[in-house]
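Worksheet: one structure, shown below.
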Amino acid sequence: MNPENKKQDSEGSSNTSALAQLSSSSLALSPEEEVFQSNNGEPDTMKRAAAAKRIERYFYQLTDGCGNENCSNKFCASSGKAPSLKPNQAAVLALELFKEDSPLCEYHPAKIPRTQEAGDLTPESFVSSLSNVIESASSSEKKVPSASSELEVGESLTPTTSSNTPTTKTQTKTTSPSVSDKDCTNKPYNASSSTKKKYLTEKILHDILETCKETNSYSALRASLYQVFSEPECLYQSFLKSDSEPAKSELYPNLKKEEVRELEGEMEKDQDSVAVGKGEIESCSDYLAVDIASLRRAYKELSSVPASEFEDAFVRALLTLADQISIDLQMCGKCGNSCNLDMLVQVFVIVFEIPMLERCEYLETALPKLCTVASLLPLAAQSRLARVWARHSKPRLKNILEALQQLVSSKVVMGTFTSEYFVQDDEAITAATKVMKILYFANLLAGELDSPELREEDLSDCPISEDSLFYGFISAKRGCTCPADKDPLGEELNIDVLDARTPFIPFSEFYNEPLSDVVEMDKDFANYKSSKESSGSGLVFGMTSKKFSFMHYSFILTPATKTLGLYYDNRIRMYSERRISLLRTVVGTPTNPYLRLKVRRDHIIKDALVELEMIAAENPKNLKKQLVVEFEGEQGIDEGGVSKEFFQLIVEEIFNPDYGMFTLQPETRTMWFNTTSFESDAQFTLIGIVLGLAIYNNVILDVHFPMVVYRKLMGKKGTYYDLEDFNKSLYSGLKSMLDHEDDDMQDTFMQTFRICYEDAFGSVLHHDLKENGDQIYVNQINKKEFVDLYSDFLLNTSVDKQFKAFRRGFEMVTDESPLHLLFRPEEVEQLICGSKSFNMNELEEATEYDGGYTSETQIIKDFWEIVHALPLESQRKLLQFATGSDRVPVGGLSKLKLIIARNGCDSDRLPTAHTCFNVILLPEYSSKEKLNDRLIKAINYSKGFGML
């Protein structure tokens with residue numbers, strides 16, 4: 001056989017294979033998918049493949065014939081009876097013959113490559129033809145469209161031609177590339193495809209809309225939307241800027257022309273010398289080729305059209321688009337090829353700019369499918385999408401967030417969750433949450449960010465004195481590294497939530513309360529632990545784990561719900577310590593299963609710190625046992641209430657300025673570290689342990705730190721902006737210095753780089769921010785440096801020794817907990833200090849009754865009338881009396897489960913309380929006046945514990 005014939009046969013076979021594959025794909029992704037579904041409503045892959053093959057045979061029978069000269073089939077080109085059809089018309093008729101189950105000729109010749117004239121059907125145009133069929137099926141007209149009625153949509157002509165074959169708009173010679181099962185090197189979404197591709201621009205869409213309005217028929221609009229928005233490559237070529245290459249001034253805004261040319265030359269050398277390896281993702285900048293302004297104008301004009309005219313076709317196109325991308329991503333992963341990052345990002349930017357996504361028609365079908373595909377994006381694509389959103393789509397961020405929140409809320413409200421089907425199993429909810437995380441980081445990038453250099457250094461690398469009490473423990477701990485919960489997307493972007501000074505959208509708008517109310521945190525915590533164990537065996541952050549946990553997406557959960565996740569983690573550690581103690585008892589080395597402290601009320605600081613010092617020095621892991629406190633000479637059994645009072649008393653003593661470890665900031669009424677304290681590092685470490693124990697044992701404290709303390713605890717240094725809630729007067733003065741633009745700064749402020757401040761004893765101290773600081777005056781050039789150095793000294797350098805010891809003690813208790821994963825610094829303040837909202841109406845609504853009382857009982861009505869009339873201080877005393885703490889739990893008083901139980905009939909006894917269980921024992925007094933008298937006495941004289 002002639003070698004050229006062999007080559008042609010091979011190419012023809014490849015062309016047939018490609019066409020069959022594409023037709024099968026188009027059928028599988030077609031909005032008319034129900035044609036190929038099985039009886040139970042589920043798509044049947046084998047039936048779709050068979051149907052695609054049969055339609056392909058009809059198509060070639062109409063265009064090429066069966067090869068039998070005596071053929072009598074009127075729908076076969078060999079019979080001479082079949083009409084002469086354009087390829088698109090043949091595709092339409094092929095699908096009609098398939099629906100009618102028309103007979104096929106027995107003999108079908110092998111197909112060979114042939115020169116294609118303009119308008120001939122290629123594999124890609126066959127897919128487009130099928131979409132025309134769908135459009136015609138939805139139209140009232142049942143006739144086959146003529147060639148003159150073909151849609152006028154933009155075409156991108158990028159043919160592959162030989163050097164001696166001219167290419168024009170009316171004639172293009174192409175040869176379909178051969179495709180081998182063993183050759184998987186072709187990239188999906190190849191923008192240099194050798195076929196015609198449809199695309200849209202603002203002008204093309206405008207012309208289509210004008211034509212539709214003139215003819216009073218929107219079939220052309222529906223067809224164009226489906227053709228472009230159902231194909232990733234078509235959408236990729238749509239709504240582009242007039243110059244597809246980025247403007248140099250946009251890429252390098254701070255460089256001169258000469259520097260730009262030099263940098264571009266170096267980049268070209270780098271691109272020549274560096275190749276993207278197999279399986280790697282091609283990275284690029286946050287430049288976007290899409291003309292966002294033009295795209296939004298086009299969407300706005302499209303929105304002026306009645307939704308009923310195009311909505312169905314638009315939704316079907318988006319569903320097809322999602323399926324196409326999903327299949328290509330899977331093929332890309334299986335073949336180990338790199339993905340076109342520009343394609344993926346650009347398509348999702350265009351899609352999420354659609355203003356109609358918030359409508360129920362899109363929320364129910366299209367948006368969940370798009371979120372599912374977006375959640376499968378490679379990490380580099382997610383990173384780039386976050387950067388592009390932050391730079392180009394700021395006005396749309398809130399709208400996208402609202403659409404995603406509506407999707408999650410609607411699925412939660414309408415969903416039915418059981419003991420076997422949890423909210424974590426709903427794919428639409430989890431996919432939307434994953435996309436929301438990309439948006440979350442875009443929100444950080446779009447806001448005001450501090451430098452990553454401001455993150456505090458790891459304490460494991462900090463030097464510690466050998467004579468320190470905790471030297472042995474900390475030195476041993478440096479040898480073992482506990483993997484921290486790092487978000488891979490944050491690491492890819494090199495940002496952390498701690499870097500966010502002011503996000504573009506407030507963090508609170510990412511909370512989803514319906515989801516937070518229904519998520520079962522015990523199940524979610526189990527999924528979190530499972531994914532964490534998987535990450536220890538090579539997986540990262542649970543992203544490849546099949547079990548989904550909202551703890552990895554904590555931005556969507558309210559602080560009250562996240563507190564439950566931390567509670568389960570702490571309780572499991574406590575139970576683990578009990579089991580270890582039991583095993584040691586069995587083998588003959590018994591240990592106390594609890595962290596037991598016995599203290600005297602009059603010497604609570606001395607007793608507590610001495611015992612904690614001994615425990616921490618002997619075995620710091622004992623700090624992670626459940627705390628049990630006993631007051632000497634009192635009979636109270638600690639089931640939680642005694643511990644609450646212990647923490648309250650010890651905090652009052654420790655933060656007393658007379659104790660000398662902390663000073664009071666008079667303007668903000670907050671506590672700060674004493675820079676000249678005579679206490680040792682161990683004392684500050686023990687204070688940090690107390691704070692960590694409070695979190696670990698779910699106790700709220702009455703402490704008043706400025707927010708910068710919580711930011712530093714979470715790992716970020718203090719900055720000038722933190723002075724606002726630390727020292728408002730100083731912040732205002734420094735701000736006026738920064739805002740001053742005149743040249744008379746030296747005469748106006750008379751400030752040098754030597755500063756003065758007062759210590760705890762009222763003495764004035766001086767400090768040079770730079771060498772010979774008293775000789776350097778602040779001017780317009782160095783004022784920013786002065787402000788930064790001043791802030792750094794006050795918030796970091798001057799208290800470095802004390803704070804590192806304090807933080808070290810805090811992390812001795814919380815180092816293995818998911819605290820950093822779940823909470824931002826503002827939420828840590830709520831976790832430690834409780835909510836600032838004090839609403840007794842919430843407490844009344846959440847209160848339960850026992851012993852015969854109900855909300856309609858007269859004494860209960862009198863009780864709440866008295867409580868609401870009390871001043872705030874007395875209301876806090878009542879809360880202290882009933883629960884052992886006057887602090888409001890995270891989420892407000894509605895999260896506090898208070899029980900009022902009947903304690904006998906009328907008597908002269910005072911009300912009593914079980915603070916461990918939040919129970920008030922209230923006798924049924926004969927009058928409201930007597931109830932008021934007994935209740936006031938009870939809450940004013942409530943210190944101490946006894947046995948009833």
Side-chain angles (χ1 to χ4, degrees), residues 239 246 250-251 253 281 283-293 295-296 299 325 339 341-355 357-358 367 370-408 430-452 486-512 541 543 550 552-557 821 824:
F239 303 105
E250 185 176 359
L251 280 177
I281 305 298
S283 62
C284 44
S285 69
D286 56 359
Y287 171 77
L288 185 67
V290 175
D291 189 339
I292 291 291
L295 175 66
R296 289 171 183 162
Y299 281 145
I325 297 177
C339 298
L341 210 63
D342 287 332
M343 170 73 74
L344 297 170
V345 171
Q346 209 158 292
V347 166
F348 279 106
V349 168
I350 293 174
V351 167
F352 278 97
E353 284 286 336
I354 298 174
L357 284 180
E358 300 176 33
L367 187 57
L370 291 170
C371 288
T372 300
V373 178
S375 66
L376 300 176
L377 288 175
L379 187 61
Q382 294 184 30
S383 169
R384 179 154 150 69
L385 181 58
R387 291 189 182 278
V388 169
W389 270 344
R391 180 178 178 184
H392 301 280
S393 299
K394 278 189 179 182
R396 276 289 299 171
L397 291 182
K398 190 168 184 178
N399 301 99
I400 298 173
L401 176 60
E402 289 173 353
L404 295 173
Q405 291 283 30
Q406 286 183 31
L407 172 59
V408 173
T430 57
T433 304
K434 291 176 181 178
V435 175
M436 206 180 296
K437 186 173 79 169
I438 304 176
L439 191 72
Y440 180 77
F441 281 101
N443 180 52
L444 298 182
L445 291 169
E448 298 179 16
L449 285 174
D450 287 326
S451 170
K486 297 291 186 180
D487 191 291
L489 182 55
E491 289 191 314
E492 180 79 10
L493 293 166
N494 192 27
I495 59 171
D496 189 275
V497 67
L498 294 173
D499 301 334
R501 188 190 318 143
T502 306
F504 184 73
I505 302 173
F507 287 120
S508 58
E509 295 195 21
F510 282 84
Y511 296 149
N512 190 290
F541 203 69
M543 292 188 68
F550 286 103
H552 289 304
Y553 304 84
S554 58
F555 56 82
I556 200 173
L557 300 176
L821 172 67
R824 293 180 288 105

Heavy-atom closest pair (Arg501 atom, Leu449 atom, distance to 0.1 Å) is NH2-O, 3.7 Å
Scanning both residues in full, the closest heavy-atom pair of His392 with Ile292 reads O-CG2, 4.1 Å
Counting only N and O atoms by type, is there a donor-acceptor contact under 3.5 Å from the side chain of Arg396 to the main-chain atoms of Phe352?
-> yes
Task: Residue pair Leu444, Phe507: steps toward the side chain to side chain contact (heavy atoms under 4.5 Å, CB included) verdict - done: CA-CA 10 Å; Leu444 298 182; Phe507 287 120; 3.6 Å; yes
The reported gap from CD in Glu509 to CG in Leu397 (rounded to nearest 0.5 angstrom) is 11.5 Å
message = Go through it in stages, so that I can follow the logic: the residues are Asp496 and Asp499, the test is side chain to side chain contact (heavy atoms under 4.5 Å, CB included), and I'd like the CA-CA distance, side-chain angles, deciding distance and then a yes or no.
response = CA-CA 5 Å; Asp496 189 275; Asp499 301 334; 3.8 Å; yes
Correct closest heavy-atom pair for Ala442 and Ala386 would be CB-O, 3.3 Å
Would the distance check show the side chain of Asn443 and the main-chain N or O of Ile505 forming a donor-acceptor pair, the cut-off being under 3.5 Å? yes
Ala381 and Leu344 have their tightest heavy-atom pair at CB-CD1, 4.2 Å
*N/O donor-acceptor pair under 3.5 Å between Ser554 side chain and Leu821 backbone*: yes
In this structure, CZ of Arg824 is separated from CZ of Phe555 (nearest 0.5 Å) by 12.0 Å
- Decide yes or no on side chain to side chain contact (heavy atoms under 4.5 Å, CB included) for Glu491 and Ser383, but give the supporting numbers first. CA-CA 10 Å; Glu491 289 191 314; Ser383 169; over 6 Å; no
Under the side chain to side chain contact (heavy atoms under 4.5 Å, CB included) criterion, do Lys437 and Phe441 qualify, and how do the steps go?
CA-CA 6 Å; Lys437 186 173 79 169; Phe441 281 101; 3.8 Å; yes
Output for pair (Phe239 CZ, Gln346 CD), nearest 0.5 Å, gives 11.5 Å
Nearest heavy-atom approach of Glu492 to Ala380 is OE2-CA, 4.1 Å
The reported gap from CG in Asp450 to CG in Leu498 (rounded to nearest 0.5 angstrom) is 10.0 Å
### Message
Using side-chain heavy atoms (C-beta onward) and a distance below 4.5 Å, is Leu404 in contact with Cys371?
### Response
yes
In terms of heavy-atom contacts, Tyr553 and Lys434 come closest through OH-CG, 3.6 Å
### Message
Whether the side chain of Gln405 engages the backbone of Phe510 through a donor-acceptor N/O pair (distance < 3.5 Å, no angle test) should be reported.
### Response
yes
One should read off an interatomic distance between Gln382 CD and Leu376 CG, to the nearest 0.5 angstrom, of 9.0 Å
- Message: Between Thr433 and Tyr440, is there a side-chain heavy-atom distance shorter than 4.5 Å?
- Response: no
Worksheet item: Between Arg384 and Asp342, is there a salt bridge with N-O shorter than 4.0 Å?
Response: yes
Separation between CD1 (Ile325) and OG1 (Thr372), nearest 0.5 Å, reads 12.0 Å
